[in-house]
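Every value quoted in this text rests on a predicted model; they were computed, and no experiment measured them. Throughout, a chain's letter reflects where its sequence line sits, starting with A, and its residues are numbered from 1.
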Amino acid sequence: MLDIKIVRERADFVKERLATRGAGDERAIDEILALDEVRRARLGEAERLKAQRNAASKEIGALMAQKKAAEAEARKAEVRSIGDRIAVLDREAAEVEGKREQLMLQIPNLPDASVAVGKSAEDNPVIRTWGRAAAVEFTPKSHVELCESLRLVDFARGAKLSGSGFLLYTGWGARLERALIQFMLDLHTREHGFTEVSPPFLVSEHCMVGVGQFPKFRDQAYAAREGLDDSSLGKLFLVPTAEAPVANIHREEILPESQLPIRYVAYSPCFRAEAGAAGVGTRGMIRVHQFDKVELIKIVKPEDGYAELEAMVGNAERILQMLGLHYRVIGLCTGDMGFASAKTYDIELWAPGQGSWLEVSSCSNCEDFQARRMNLRYKDAEGHNRFPHILNGSGTALARLFVTLLETHQQADGSVLIPEPLRPYLGTDRLVPPTP
RNA sequence: GGAGAGGUGGCUGAGUGGUUUAAGGCGCACGCCUGGAAAGCGUGAGUGGGCUAAUACCCCACCGGGGGUUCGAAUCCCCCCCUCUCCGCCA
């Protein structure tokens with residue numbers, strides 16, 4: 001959520017920044033300001049009347065103590081009408097404030113000044129590229145063929161269990177998935193200074209609002225229900241990313257400055273309903289309803305936010321480098337950035353079998369946008385409470401990493417060579433087709 | 001799911017309608033005292049909102065959350081949430 005004071009005092013700047021996203025959010029600002037104006041007017045009058053009433057009530061107490069009942073009764077009648085007026089003003093102020101909050105929750109974050117202005121993914125600048133596509137000596141197979149010939153994923157039975165968009169990993173495939181998760185968790189905890197946490201995979205609405213998933217993207221989530229009790233529907237949601245629980249760990253807390261920076265890494269499955277989205281239902285593992293991900297979360301002092309973002313991208317890149325994968329880092333332009341983010345880098349892997357780049361990581365600094373929503377603060381050296389920057393990044397997403405690993409390291413004979421750092425985790429240096 | 005107990009400031013712990021401006025204690029910060037410390041004494045310190053140039057005054061609200069009664073609610077009434085204990089069910 002934006003700071004209402006910034007909206008009030010620098011409305012033109014806020015509108016200009018929002019306009020760069022190209023979604024028309026700036027149009028709601030004037031309405032927010034009008035509601036804010038009314039709220040403060042009602043509140044001001046109500047508070048003046050409350051001060052009057054407080055003083056009068058004290059006098060009534062004193063009169064009662066002096067047994068001056070008649071005088072006390074007279075004062076009571078007088079104060080009663082003030083109370084009625086206060087009730088009306090309070091109700092109006094609360095109503096207007098509620099409307100203002102609803103609108104504020106729908107406003108996305110302001111892009112940082114360093115973010116390229118653009119309309120869509122086509123305007124995203126490529127920041128750097130690592131490695132290169134392997135020299136082609138044979139026609140690379142797609143991961144679907146490889147998964148089937150190596151018996152890593154049973155697409156048909158996955159769909160039989162849960163419908164399209166769900167995967168059944170089998171044998172070495174299941175083992176490879178687990179090995180990748182553990183490899184990434186170990187690297188981030190041992191070498192990158194992250195603390196591992198294992199969060200709930202169902203979270204409350206509060207958590208979803210806190211990170212900015214709700215209320216705007218409510219239709220994208222899977223909602224859980226307890227048994228047949230319809231009234232419980234909407235209390236818990238399957239996590240779309242570990243960001244939802246992990247970024248909220250310290251919600252509504254005031255952290256001592258000495259505790260920052262906080263760096264968490266968590267594995268979780270991610271559930272995406274993707275209602276109405278194109279692509280689910282296409283063959284393969286590129287776009288699915290459930291995938292695994294190792295997520296990085298940082299809670300840092302504002303002055304450290306952008307240095308920590310660069311470091312986080314580096315942490316994710318390190319995974320890909322160690323696995324010998326060809327990737328590029330792109331900066332999302334204003335029109336392509338997520339709702340809560342002020343600045344985002346995506347990392348895309350080259351998938352030879354697809355002949356395309358696949359996004360496996362998105363690292364964002366949300367600045368204090370989420371911290372405001374979840375009321376997370378820290379006490380600085382001067383004793384003032386401040387909102388920290390909250391960052392999130394995939395380190396990395398699994399299904400597409402799995403795809404790219406297979407397609408990149410496939411050999412002419414149909415086997416897949418396992419990169420050296422992964423071998424101790426997987427327990428083999430090569431995946432070979434099973435003998436019939 | 002059943003029964004019971006509870007939720008008050010950083011912690012502890014009083015408070016069942018009006019000098020509570022939330023007592024007392026512990027802890028914290030600063031000062032006095034001291035050669036230095038401890039003890040002792042003194043002072044200060046919460047969160048949000050409004051008004052502001054102000055993180056200065058002043059005002060309003062906040063005792064798990066939300067309603068209600070009242071001139072006045074931590075206190076009385078209603079609803080909800082959470083925690084703990086025991087029982088049941090369960091991996």
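- The partner of U83(B) is A5(B), by the rule that a Watson-Crick or G-U pair needs both atom distances under 3.5 Å.
- Nucleotide U43(B) forms a Watson-Crick or G-U wobble pair with A29(B), both donor-acceptor distances falling under 3.5 Å.
- Distances from the side chain of Ile254(A) to the nucleotides G18(B), U47(B), C60(B) place U47(B) closest.
- Taking atom P in both U47(B) and C57(B), one finds a spacing of 14 Å when rounded to whole Å.
- Among the protein residues, Arg40(A) comes within range of the sugar-phosphate backbone only, with heavy atoms under 4.0 Å from sugar or phosphate atoms but none that close to a base.
- Side chain of Lys76(A), nearest nucleotide from U47(B), C60(B), C71(B): C71(B).
- Among the nucleotides C60(B), C71(B), G50(B), the one closest to any side-chain atom of Val79(A) is C71(B).
- When the C1' atom is used for both C77(B) and U69(B), the distance is 7 Å, rounded to whole Å.
- Separating the CG atom of Leu49(A) from the P atom of A61(B) is a distance of 12 Å, rounded to the nearest angstrom.
- Using a 4.0 Å heavy-atom distance criterion, Arg386(A) is classed as making no nucleic acid contact.
- If Asn54(A) and Gly61(A) are placed on RNA chain B by their nearest nucleotide, the residue sitting closer to the 5' end is Gly61(A).
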* Asked: So Asp346(A) and Ser362(A), side-chain hydrogen bond (donor to acceptor under 3.5 Å, both in side chains) or not? Walk me through it.
  -> CA-CA 4 Å; Asp346(A) 274 6; Ser362(A) 190; 2.8 Å; yes

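- In this structure a side-chain-to-backbone donor-acceptor pair under 3.5 Å is present from Asn248(A) to Ala244(A).
- Comparing the C1' positions of A45(B) and C30(B) gives an interatomic distance of 10 Å, to the nearest angstrom.
- Considering only side-chain atoms of Leu43(A), the nucleotide from C71(B), C60(B), G50(B) that sits closest is G50(B).
- Nucleotide U20(B) is matched to nothing when pairs are restricted to Watson-Crick or G-U wobble geometry with both distances under 3.5 angstrom.
- We find that NZ of Lys5(A) is positioned 13 Å from P of A53(B), with the value rounded to whole Å.
- Atom CZ of Arg27(A) sits in a sparse spot, with 12 or fewer heavy atoms from other residues, nucleotides or ligands closer than 6.0 Å.
- Separation of the P atoms belonging to C41(B) and C58(B) is 29 Å when rounded to the nearest angstrom.
- If you measure from atom CZ of Arg80(A) to atom P of G72(B), you get 9 Å, rounded to the nearest angstrom.
- Arg48(A) comes within contact range of no nucleotide atom at all, as no heavy-atom separation falls under 4.0 Å.
- Ala221(A) and Met208(A) make their closest contact through CB-CE, 3.9 Å (heavy atoms, listed as atom of the first residue, atom of the second, distance).
- The residue Arg85(A) sits apart from the nucleic acid: no heavy atom pair falls under 4.0 Å.
- Between Asn375(A) and Arg75(A), the one whose closest nucleotide on RNA chain B sits nearer the 5' end is Asn375(A).
- Counting non-hydrogen atoms under 4.0 angstrom, Ala56(A) reaches nothing in the nucleic acid.
- Distance CD (Glu9(A)) to P (G50(B)): 11 Å, rounded to an integer number of Å.
- One P atom belongs to G27(B), the other to A39(B), and the distance between them is 8 Å to the nearest Å.
- When all heavy atoms are compared, the tightest approach of Ile181(A) to Tyr267(A) is CD1-CE1, 3.4 Å.
- When heavy atoms are screened at a 4.0 angstrom cut-off, Arg377(A) is found touching the sugar-phosphate backbone but no base atom.
- Between the side chains of Arg430(A) and Ser415(A), at least one donor N or O lies within less than 3.5 Å of an accepting N or O.
- Within the 4.0 angstrom heavy-atom criterion, only backbone atoms of the sugar-phosphate kind lie near Lys379(A); the bases stay farther away.
- Across G50(B), C71(B), U47(B), the shortest atom-to-atom separation from the side chain of Arg8(A) is found for G50(B).
- With rounding to whole Å, Leu89(A) atom CG is found 20 Å from C59(B) atom P.
- Going from atom CG of Asp90(A) over to atom C1' of C59(B) covers 14 Å, rounded to whole Å.
- In this structure, of U47(B), G72(B), G49(B), it is G49(B) that holds the atom nearest to the side chain of Arg39(A).
- Nucleotides G65(B) and C71(B) place their C1' atoms 26 Å apart, quoted to the nearest Å.
- For Lys99(A), the NZ atom is loosely surrounded, since the number of other residues' heavy atoms within 6.0 Å does not exceed 12.
- Straight-line distance between the C1' atoms of A53(B) and G46(B): roughly 26 Å, to the nearest whole Å.
- Pairs passing the ring pair (Phe, Tyr, Trp, His ring centres under 6.0 Å) check and including a residue from residues 53-104 of chain A, sequence neighbours excluded, do not occur.
- Taking atom CE on Met1(A) and atom C1' on G48(B), their separation rounds to 13 Å, with Å as the unit.
- Among the protein residues, Ile60(A) comes within range of the nucleic acid bases, having at least one heavy atom under 4.0 Å from a base atom.
- Between the P atom of G72(B) and the CD atom of Glu73(A) lies a distance of 13 Å, rounded to the nearest Å.
- Separating the P atom of U85(B) from that of U75(B) is a span of 28 Å, rounded to the nearest Å.
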